[in-house]
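Report on one structure; see the data block that follows.
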Amino acid sequence: MQTKGILTPSRASGRELTPLLAGAATAVGAFGALLALTGSDSPLRAPLTLLFLLGAPAAGIAAALRGFDPFARALASLAGSVVLNMLVAQGMLATHRWSARGGVMAIAVISTLILLLVLMRRHRAAKGRGH
């Protein structure tokens, strides 16, 4: 039996791991939102809900800032996420409707709307180029 070379385990590059890490963070954040919405007494509820509250709007904003440098995009999307959370909290406090479940739902709806608007804009731009 003859070998033609030494087989080495392939190393995953950072670009190959990015979708995997993004998917894992999304799943963990969604689990945090689920824990908050169900009123679970789990000790993981607070940190996972915080991950959702920061990650969901940041993902939508990062998708909208597609052409930026990766570091600037991450920084701007995280800052926008904090601002969006503060605006939701301020609005809920001003109307005397504060609740953790309501805040999670509001952030989920706003984040989904941001992502949908970005997807619609990309679809419209691609449709315009193809026509």
Side-chain angles (χ1 to χ4, degrees):
M1 180 169 170
Q2 186 177 19
T3 57
K4 297 199 181 216
I6 298 173
L7 298 175
T8 59
S10 64
R11 292 184 181 174
S13 69
R15 288 184 181 246
E16 293 173 359
L17 287 178
T18 302
L20 178 67
L21 292 175
T26 302
V28 170
F31 186 65
L34 181 67
L35 287 175
L37 292 174
T38 60
S40 172
D41 289 333
S42 171
L44 295 175
R45 178 179 152 187
L48 296 183
T49 302
L50 180 63
L51 179 68
F52 172 77
L53 290 174
L54 289 175
I61 295 170
L65 302 176
R66 190 175 180 182
F68 280 41
D69 174 60
F71 180 72
R73 185 171 155 184
L75 189 63
S77 63
L78 188 59
S81 175
V82 170
V83 168
L84 190 59
N85 277 288
M86 289 192 314
L87 287 171
V88 166
Q90 184 66 33
M92 291 177 75
L93 287 171
T95 59
H96 302 286
R97 301 279 185 220
W98 171 254
S99 74
R101 288 181 184 158
V104 169
M105 285 299 296
I107 291 296
V109 168
I110 293 169
S111 300
T112 303
L113 288 174
I114 292 171
L115 282 171
L116 286 175
L117 288 172
V118 169
L119 290 175
M120 286 174 39
R121 186 180 70 188
R122 287 184 188 166
H123 179 69
R124 182 173 278 174
K127 192 176 180 182
R129 276 186 263 138
H131 190 269

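In this text the structure is predicted, and so the values were computed from the model without any measurement. Residues: numbered from 1 along the sequence shown.
Leu116 CG to Met120 CE: the interatomic distance, rounded to the nearest 0.5 Å, is 8.0 Å. Expressed to the nearest 0.5 Å, how far CZ of Arg121 lies from CZ of Arg66 amounts to 9.0 Å. Between the CD1 atom in Ile110 and the CG atom in Leu115 there is a gap of 12.5 Å [rounded to 0.5 Å].
The environment of Met92 atom CE is dense: over 12 non-hydrogen atoms of other residues, nucleotides or ligands sit within 6.0 angstrom. Other residues, nucleotides and ligands contribute more than 12 heavy atoms inside 6.0 Å of the CZ atom of Arg122.
Considering Thr49, Leu35, Val88 as possible partners of Val104, the one that fulfils the side chain to side chain contact (heavy atoms under 4.5 Å, CB included) test is Thr49. Only one option out of Val82, Ile107, Leu84 pairs with Leu54 in a side chain to side chain contact (heavy atoms under 4.5 Å, CB included); it is Val82.
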Please lay out, stage by stage, how Ser81 and Asn85 fare under the test side-chain contact (heavy atoms from CB on, under 4.5 Å). CA-CA 6 Å; Ser81 175; Asn85 277 288; 3.6 Å; yes
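Hydrophobic cluster membership is shared by Met86 and Leu50, with clusters built from Ile, Leu, Val, Met, Phe, Trp and Tyr side chains linked at under 4.5 angstrom. The hydrophobic clustering, which links ILVMFWY residues whose side-chain heavy atoms are closer than 4.5 Å, places Trp98 and Leu53 together. Under the 4.5 Å side-chain heavy-atom criterion for grouping Ile, Leu, Val, Met, Phe, Trp and Tyr, Leu51 is connected to Leu44 within one hydrophobic cluster.
Here the shortest heavy-atom pairing between Pro57 and Phe52 reads CD-O, 3.9 Å. Of all non-hydrogen atoms in Ser77 and Ala58, the two that sit nearest each other are CB-O, 3.3 Å. Leu48 and Gly32 make their closest contact through CB-CA, 3.4 Å (heavy atoms, listed as atom of the first residue, atom of the second, distance).
Between the side chain of Arg101 and the backbone N or O of Leu37 there is at least one donor-acceptor pair closer than 3.5 Å. At least one donor-acceptor pair under 3.5 Å links the side chain of Arg45 to the backbone N or O of Ser40. Within the 3.5 Å criterion, the main-chain N or O of Gly91 finds a donor-acceptor partner in the side chain of Thr95. Under the 3.5 Å distance criterion, the side-chain polar atoms of Arg73 are matched with a main-chain donor or acceptor of Ala62.
Here Leu113 sits in one hydrophobic cluster together with Val109; the rule is ILVMFWY side chains under 4.5 Å apart, joined directly or through other members.
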